[in-house]
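Just so it is clear, the values below take in all heavy atoms, side chains as well, and ignore hydrogens, waters and symmetry mates. Quick caveat, the model's predicted, so the values are computed rather than measured. By convention in this document, chain letters (A, B, ...) are assigned in the order of the sequence lines, proteins followed by strands, and residues within each chain are numbered from 1.
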Protein chains: 4
Amino acid sequence: MTAAGADARGKQARGLRTRARLIAATNQVVAEVGFANATTKAIAEAAGVAEGTIYRHFTDKHHLCLAAVLEANADLVDVVAQLPDRAGSAPVADVLGNALRTLASLRSQLLPIELSLLTQPALRASLTASAGDDTMEPVRAIADYIEREQALSRIRPTLDPGQTSLVLLSTLFGIAMLPGSDDRRHHERTVEEAIDVLVAGLVADR
Amino acid sequence: MTAAGADARGKQARGLRTRARLIAATNQVVAEVGFANATTKAIAEAAGVAEGTIYRHFTDKHHLCLAAVLEANADLVDVVAQLPDRAGSAPVADVLGNALRTLASLRSQLLPIELSLLTQPALRASLTASAGDDTMEPVRAIADYIEREQALSRIRPTLDPGQTSLVLLSTLFGIAMLPGSDDRRHHERTVEEAIDVLVAGLVADR
Amino acid sequence: MTAAGADARGKQARGLRTRARLIAATNQVVAEVGFANATTKAIAEAAGVAEGTIYRHFTDKHHLCLAAVLEANADLVDVVAQLPDRAGSAPVADVLGNALRTLASLRSQLLPIELSLLTQPALRASLTASAGDDTMEPVRAIADYIEREQALSRIRPTLDPGQTSLVLLSTLFGIAMLPGSDDRRHHERTVEEAIDVLVAGLVADR
Amino acid sequence: MTAAGADARGKQARGLRTRARLIAATNQVVAEVGFANATTKAIAEAAGVAEGTIYRHFTDKHHLCLAAVLEANADLVDVVAQLPDRAGSAPVADVLGNALRTLASLRSQLLPIELSLLTQPALRASLTASAGDDTMEPVRAIADYIEREQALSRIRPTLDPGQTSLVLLSTLFGIAMLPGSDDRRHHERTVEEAIDVLVAGLVADR
DNA sequence: GATGAATGAGTATTCATTCAT
DNA sequence: AATGAATGAATACTCATTCAT
């Protein structure tokens, strides 16, 4: 038996692939038809497995959605991780602007499943319980970045880094929810406008 | 009052009161238990009527929610109606700041039922179809205000009024959705921070 | 509105009839296919109503079965109620024999649904909780009768009335469960044999 | 041991051990959680094998339970086997009393799995079909004993041995099912009372 | 207009059984 | 022989909607 074979023991290869497919299918279906209509039947179909298979991998729909949220969130975390270290490396408008641009596009993917958290208090509770820190990671990273730029006098010193970080992300979130957000062109222009206003608001010297 | 007189009205007094109670009950129930758990049974109970009565006044649950959204939205419309005429009457930070502050508090009330629109694509569609204009009224009013202030050179001329209006409202919406938005103190401080950044971004001269 | 009409208010006539039909259907279906196979679907069909109707009358299957057990038990209670007063009125073999004969036939009806209590600990618990006394009524009545006959020196004084009552009923229960209990003839002969042995055992003077 | 030698046996040692473990696990699990909750998953876990393994040894759950019942029944058969030969060797109260006492304790072990037969008509059918004789062995043995004691004039001659045997076993069965049968003390006293009444009923001369 | 009993399609979940490895 | 991932039919229960009163 090879090392690879040993790794596959317990969680066999096929099982892992199915699990991944289920998570992907959940994000896809929730995005397509909304959380309320994301039935286990629809998810199973999208994943190309039988309905019962869901329950070999997740104790219930609840936990499947949890896993889907965390999965979608992981990309977001990656993007913002290096942000603080970029402070001072280029104009705030460029560094923060690019980060927000990227986050905005990821947010769109994350949004549908994230919405379910707001609609379903129970889900929200167990997310903060089980994963806790990860979902707040973007907030922290951006706050860190703001703090460092403030130290370099490139962002207004009176702004509270934590609060301001929340404002930036809230705006992206709000925009992602706009009715016309499926019209890409228009959506991107709105994001640009938001970044313009927000960054200007951060660096304004008055 | 004769029977003939009552008939002539088309919508009798009792019927109107029941209708109003149903709308109020819907907003209340959705706010309390979330849209997913806002069953027709719960709404009927909260309104003090039988379940079947709902269908005397609304063709289905769908239209009941629609009416509830419009009702909740009406207050919002009132607040922003006079905003354009206030352009130039006081510093942007004051006029727009106050408007946004008020909108932020109203948004919180509106939020639960509004969320249902996002969760239920079908509802969203028929809202824009049937009511269309009213829900966009705040966007227009703020865009008007921005345009007038631009004419007075008190807001950056390069900003697109419509897009910028969307950005402002999106931020309020995003903040209303933040997990901790039930902690009033913290929530209000976040709103203040947002208004600070946004207004600064609007008026910044660079 | 008549008095009858007033009585029907709240629990309307149609509703009460449906409720009764559901209870009857439950006893019938359980008797036919066994508790494990007595699905809500089968019960609803037997009652001639839709499956969802069950839940207008009972919070869940659990409570429907509970009601069915109590209903079936009510007849048993009636039969034994007058037993104690018959002590001394005729030979033990006649009075007790007749009572046991009647109980045996009723037991057969009650048996299937009663079995569910043994199989489903949860059901058993809530039965003793909610109805408690009624199901023990037969045991008490027979114990009373035995005690009175002991006072008349017509039953062995060394026997414990409570324990002995349990033994008599256990035998009927055990017989009702015999594999061949659907062969009436044979079953009745077994009951006769049991009554013969048991009564002889009670009155034996040794 | 060569591979050829192992093959020649048809049923290999490992297979037999697994089979035995499955039967034991079935009796154990049914006793612990009741037949309704004795899933193949639970049984496989208790036996320390994979679920699929069950189907190497039994065509279905049905046949596994059948085997388990027969296994549990085997002990009962052993106990009663020598009973007929003890006729006349000691007072009926002693010989039969002891046998019934022993049977009562074994019955308690057998009961849970036996109950499943009553709950599942299909199982019951195939048991009488496939195993037939063995389960009736105790009835026959006791009937034999009664007949021999009748020949010795120590049991009432008018009693039908077969029917009476059924009555005796039914009583034990009924007592085993009493709600309080987990309270050992009380349960044993009830058994004693039953034996007292039954034996007295058998030997009574009237 | 109002009622509330009845409906039935739909939901998440379970579990005996199959099958590729 | 053994595994355990996958299956899919079946289950109890929900809920928007209809309809007789």
task: Encode nucleotides 14-21 of chain F as B, S and - characters from 5' to 3', where the letter depends on protein heavy atoms closer than 4.0 Å: B to the base, S only to sugar-phosphate, - to neither.
output: BSBBB---
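Scanning both residues, D:A68 and D:T26, for their nearest heavy atoms gives CB-CG2, 3.8 Å. Residues D:A38 and D:V33 approach most closely at N-CG2, 4.0 Å, considering heavy atoms.
Side-chain nitrogen and oxygen atoms of B:H57 include at least one within less than 4.0 Å of the OP1 or OP2 phosphate oxygen of E:dA2.
The nearest whole Å value for the distance from the CD1 atom in D:I43 to the P atom in E:dC15 is 12 Å. To the nearest angstrom, C1' of E:dA5 lies 12 Å from CZ of C:R21. D:L22 places its CG atom 15 Å from the C1' atom of E:dA16, with the value rounded to the nearest Å. Per the geometry, CD belonging to A:E45 stands 14 Å off C1' belonging to E:dT11, to the nearest Å. Rounded to an integer number of Å, the gap from A:F58 CZ to E:dA12 C1' is 16 Å. If you take CG of A:L16 and C1' of F:dG4, they are 13 Å apart, rounded to a whole angstrom.
Summarising the geometry, atom CG belonging to C:N27 is positioned 7.0 Å from atom CD belonging to C:E71; distances are rounded to the nearest 0.5 Å.
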Identify each donor-acceptor pair in which a side-chain atom of residues 49-56 of chain B lies under 3.5 Å from a protein atom, sequence neighbours left out, and give them as a table.
unit_1 : atom_1 : unit_2 : atom_2 : d
B:E51  : OE2    : B:T40  : OG1    : 3.0
B:T53  : OG1    : B:A50  : O      : 3.3

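Applying the side-chain contact (heavy atoms from CB on, under 4.5 Å) rule to B:E45 yields the partners B:K41; only residues at least two apart in sequence or on another chain are considered. With sequence neighbours left out, the side chain to side chain donor-acceptor pair (under 3.5 Å) criterion links D:E32 to D:Q28. Applying the side-chain contact (heavy atoms from CB on, under 4.5 Å) rule to A:A67 yields the partners A:R19, A:I23, A:F58; only residues at least two apart in sequence or on another chain are considered.
Annotation: side chain to side chain donor-acceptor pair (under 3.5 Å) contacts involving residues 58-68 of chain C, sequence neighbours excluded, comprise C:T59-C:H63, C:D60-C:H63, C:H62-C:S126.
Stem regions annotated for DNA chain E: E:2-21 with F:2-21, counting only runs of 3 or more consecutive pairs of Watson-Crick or G-U type with both contacts under 3.5 Å.
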